[in-house]
Amino acid sequence: MSDQNIPLAAGRHYLAIPGPSVMPDRVLNAMHVAAPNIYTGPLLDMMDGLVADLKAVARTKHHVAIYVSNGHGGWEASLANTVAPGEKVLVLVNGMFGQGWANHAMGLGLDVEVMDFGKRAAWDFDKIADRLNTDQGQIKAILCAHVDTSTSYKNDLQHLRQVMDQAGHQALLLADCIASMGCDRFEMDAWGVDVAISSSQKGLMTPPGLGLVWFSDKAAERQKSLKQVSPYWNWAPRANPEGFYQYFNGTAPTHHLLGLREALTMLVHEEGIENAWARHEALARAVWAACDVWGQGGPVEMQVPDAVDRGHAVTGVSIGAPNGTKLRDWLSENLGVTLGIGLGIVPPDDPDWHGHFRIGHMGHVNAHMVLGTLGAIDTGLKALGIPHGDGALTAASRICAGQD
Ligand SMILES: *Cc1c(COP(=O)(O)O)cnc(C)c1O
């Protein structure tokens, strides 16, 4: 820490971590009401519109189920409705969340086969094609993260669907879109994704507590062939309820629904999903441009080397231990911005853990928030004497000005 440390942290603190993301005041205010009636009235009346908007976000005409859960609940829901214990699933992994979903599948008694591509590599589609071509129909579902938030890899789901079709493979395609939904382009129907999962607290700008599962007709048919489905996770009544309580298998998450309603109004009806994707892309490119410049004069390196493989909601960075943790702590204490920890790159008890951090740029973020975060990092690098290239902010500004 520098000797002439000027305290500059007062003012609105900014949590720039990859979820929970920044919640718009409008969303929080929409939740600040007395308990609404759950038997009749506006809460019930708004469900048709809410469901339509959720489908618009995932670009599907098929079905959606809403759970009182986080994203892990979405993982469990998707498996409970598509596969039976003992059946085989193939999990494509390039980060901690892909592996986490695989672990859930094991816990549910599935026969789990993991293809792990490491933490610094995109999927190898030749290997995936080889595996699918030799499979005799044992693999019932392919599980994968669209964007793995631990590494920030974005995986090419369209290409995966192509490879599956070329192999004539009938497995269901299940995608974890928890980090990407509302941030990165995602076209459930056009890309042939059978089940997509998200949760409320990332691109959807609502407090944690809702798990969302979109599913295709093919997945719905598959569910009907299962001998038994957990009543709580059963998506059929939730997607096609006869009474309001069936949407949630019990009492509705009243205030989360009000918050989500406001967030979807902002995302779908005001900004528009295409514009939200374009905003996330530009802001991500600004972050990457700054990282590139820092890296020209010091040990700053993005986790994903190739820009086409990077998600637009989060950027994983390594800077060498212990400077990752030092930088995060310094920014939190002195400049009022908190960066995300490095997750799943090395174990928490490894000294190298302190060399990693992540910048969250998902949901309710605009250019001044991202440029402010980048300016804060640039300041921290200087204050802590960490070597880095100069001119990161100029590079980021050019992106936001549309000049690069
Ligand atoms: C955040 C996240 C999860 C976990 O979601 P929880 O709500 O914490 O259960 C899973 N997968 C991805 C890709 C995520 O970004």
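Counting starts at 1 for both ligands and their atoms, following the listed order.
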CG of Leu157 to CH2 of Trp123: how many Å apart, nearest 0.5 Å?
5.5 Å
Name the closest protein heavy atom to atom 14 (C) of ligand 1, giving the residue it belongs to and the distance to 0.1 Å.
Lys202 NZ, 3.0 Å
Distance in Å, Cys177 SG paired with Lys202 NZ, rounded so as to fall on 0.5 Å steps:
12.0 Å
Can a donor-acceptor pair be found between the side chains of Thr338 and Ser332 at a distance below 3.5 Å?
yes
Tell me the protein heavy atom at minimum distance from atom 15 (O) of ligand 1, and give that distance in Å.
Thr149 OG1, 2.3 Å
For Arg398 against Asp404, the heavy-atom pair lying closest together:
CD-OD2, 3.3 Å
Name the closest protein heavy atom to atom 6 (P) of ligand 1, giving the residue it belongs to and the distance to 0.1 Å.
Gly71 N, 3.4 Å
Quick one about Gln296 and Asp292 (side-chain donor to acceptor, distance below 3.5 Å, no hydrogens or angles considered), yes or no?
no
List the closest protein heavy-atom neighbour of atom 11 (N) of ligand 1: residue, atom name, distance to the nearest 0.1 Å.
Asp176 OD2, 2.7 Å
Proximity to ligand 1 by part of His146, non-hydrogen separation under 4.0 Å
neither
Contacts satisfying ring pair (Phe, Tyr, Trp, His ring centres under 6.0 Å) that involve residues 201-233 (not counting sequence neighbours) are His63-Phe215, Tyr67-Trp233, Phe215-Trp235
Find all atoms of ligand 1 within a distance of less than 4.0 Å from any non-hydrogen atom belonging to Trp75, and give their numbers and elements.
10 (C), 11 (N)
Does some non-hydrogen atom of Val147 fall short of 4.0 Å from ligand 1?
yes
Tell me the protein heavy atom at minimum distance from atom 9 (O) of ligand 1, and give that distance in Å.
His72 ND1, 2.4 Å
